[in-house]
Number of protein chains: 2
Amino acid sequence: MPTIKDVAKQAGVSVATVSRVLNKKGYVSKEAEKAVSAAIKKLDYRPNAVARSLYHKTSGMIGLVLPDISNPFFPELARAVEDVALAYGYTVVFCNTDEEVEKEQKYFEALKQKYVDGIILSTSSQEQEAYHQLDLPLVALDRILGENIPTVVSENRKGAELAATHLLDNGCRHLAHLRGPEGVGPADERYEGFMEVVRREKIPYIIKNAGFDMEKAKQTTLKLIRSNPSIDGIFAGSDITAAGAMHALAILGKKVPDDVKVIGFDGIPLGSMLVPGLTTIEQPIYKMGALAARLLIKQIEKNPHDKIYHELPVKLIVRGTTEEVKNDWKSDGSREH
Amino acid sequence: MPTIKDVAKQAGVSVATVSRVLNKKGYVSKEAEKAVSAAIKKLDYRPNAVARSLYHKTSGMIGLVLPDISNPFFPELARAVEDVALAYGYTVVFCNTDEEVEKEQKYFEALKQKYVDGIILSTSSQEQEAYHQLDLPLVALDRILGENIPTVVSENRKGAELAATHLLDNGCRHLAHLRGPEGVGPADERYEGFMEVVRREKIPYIIKNAGFDMEKAKQTTLKLIRSNPSIDGIFAGSDITAAGAMHALAILGKKVPDDVKVIGFDGIPLGSMLVPGLTTIEQPIYKMGALAARLLIKQIEKNPHDKIYHELPVKLIVRGTTEEVKNDWKSDGSREH
DNA sequence: TTGAAAGCGCTAACAC
DNA sequence: GTGTTAGCGCTTTCAA
């Protein structure tokens, strides 16, 4: 690979001049510029990003730290981050932590040593303190890490209220909530939203912990329905656990939505693939990722942004698990409310 | 952040000595070593990865180039790559190309300029030539890029034969194949495997192009079954398109598996979430990713590896879409054959 | 056993 | 307008 020196020699100028035309900075005569451009083209020269990094202490890379890309909520988020990053000329380093402090810490080290320009965090295994100490531009995505860290989340609580209300509106009189892991922000908020509604409406309810895991949700639902056969509406904390519940209901011979209605949360593609289609609270996943990336890049490039807390709207998507869908008038069989 | 100079000063030695203890290379007296270690600890010093890169022309990063992480086949693959990379001290740069040559090219540039040590490629939008020119350690994953590029794929052809045979074994007499995009290696091979069986067995069949897209598969299946109501077995080119087919069948009032049996390909988690569970040909996705990463790292570290073509075994997973599953004797309702 | 110094490729004062 | 040169932080000859 040719270096800036080669280009300078080829063009008959100094490296400084080459650098100037490369960065469009400082005075360069038309002729010099032409000579340099020609040399660059002739040698097929590209500036060495590492050398630039060393000088500028920036790398054009951002870290994306999330629990596990295999969890279907994250691919779309990751994709959004990457799209925006690419558009702004950044590159994404991809870090799965499984919510393990150790891995997270290891990655933070590695990322800092590589001069990443900032980090998007969808995990929260550590104390707020640890993130502040990073001393890097940060954005919290789908998690709340602390007061002064820019944050992108969706309306988890309101979504849960919508979900519970939707079940009631459709005639359910005995609800269950398969809640996500305790201590994980969105799961807790969904739980609270659900509680708000059942308490206000004085509806009998049961809460079961199902994590965000399909198999666990299935087993939990089997037990739940066997011991509480009168349950006629299930609000699952995620679309994955909703799928688990549906499996359990199928095994028990319960018809969905006739005997039991099911609603999920997230709006991942899975929901539309299930038969019947899964009614769910849709988060604007792509938008969340894209916004997080934009906020991070603004921070990196020192364009101050006004708001630091961004809560994006959720939307009830009605499909077959809560309502008989008679005809196929919209291609994916879903409706927005 | 402290630099090696700070450490040297603190320890009362030269930077060369610090470097020696850092890299455990060359002679260092016990005392010097002790002083340096103490200084490192005291200053909480970590070597600057960028400066090292500049000197060594390596970065400890590998590029992972794939079409779209939103496609559910890729998250697990990506996860595997990342796990192995992390274990060997590498970091993964994450690149979605949508199979667009332009994006691919842009990423190649960026990756080279950053001194990435190698690339794992799950796309193939360009001529073989382009990949050779990269002049970087390369591994092709789920694609075949050329003779002398180490490759990890699964038994696509054999899997397709298994799938078609399974349908016939279960009494199907009129098959359809929803094939994946033409020109995409695995899709073509699955098509060929299917053809092999239907020709050999002289079974009536129909081929329809459904891409790897659920909605398209659904529409295609609607038309397909309406004009060919005698079809009683569908081999979808992927689990996603199988889900689309199941939707279409539900709309048409066809019972699965009684009226029509369905089998997919890939073995992504979706299959076990559908009701009934989706019979499929399972690829060892995680293993494929992990092997690809190991092969790449071996190449990078100049440990020659013997075989360059690796075809991993597929496995028929029987679930509810081809066989009435009466009881729930295995927790996910699946069986391996 | 250790240190001085050159150099990895690039940028930006500073001088001319 | 342009070139010389001193770094950015690290590694590694080469001398001592």
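Comparing D/dC10, C/dG9, C/dT2 by their closest approach to the side chain of B/L54 singles out C/dG9. Nearest to the side chain of B/I4, among C/dA12, D/dT12, D/dC10, sits D/dC10. Looking at the side chain of A/L22, the nearest of the listed nucleotides C/dT11, D/dG3, C/dG7 is C/dT11. Checking C/dC10, D/dC8, C/dA12 against the side-chain heavy atoms of B/K5 singles out D/dC8 as nearest.
Straight-line distance from the CG atom of B/N48 to the P atom of C/dC8: 18 Å, rounded to whole Å. Rounded to a whole Å, the NZ atom of A/K57 is 3 Å from the P atom of D/dG9. Taking atom CZ on B/R52 and atom P on C/dG9, their separation rounds to 18 Å, with Å as the unit. As rounded to whole Å, 9 Å separates atom C1' of D/dC10 from atom CG of B/N23. To the nearest angstrom, C1' of C/dG9 lies 15 Å from CG of A/L43.
For a distance-only test at 3.5 Å, the side chain of B/R20 qualifies as a donor-acceptor partner of the base of C/dG3.
Where B/Y115 and A/K25 each meet DNA chain C at their nearest nucleotide, the meeting point lying more 5' is that of B/Y115.
A/V13 comes within 4.0 angstrom of the backbone, heavy atoms only, and of no base. Heavy atoms of B/S19 sit under 4.0 angstrom from at least one base atom. Counting non-hydrogen atoms under 4.0 angstrom, B/V28 reaches the backbone sugars and phosphates but no base.
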The test is salt bridge (Lys or Arg N to Asp or Glu O under 4.0 Å); show your working for B/E82 and A/K103 and say whether it passes.
CA-CA 12 Å; B/E82 210 245 51; A/K103 279 194 194 174; over 6 Å; no

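The aromatic rings of A/F108 and A/Y131 sit perpendicular to each other, their planes meeting at more than 60°, with 30° as the lower class boundary.
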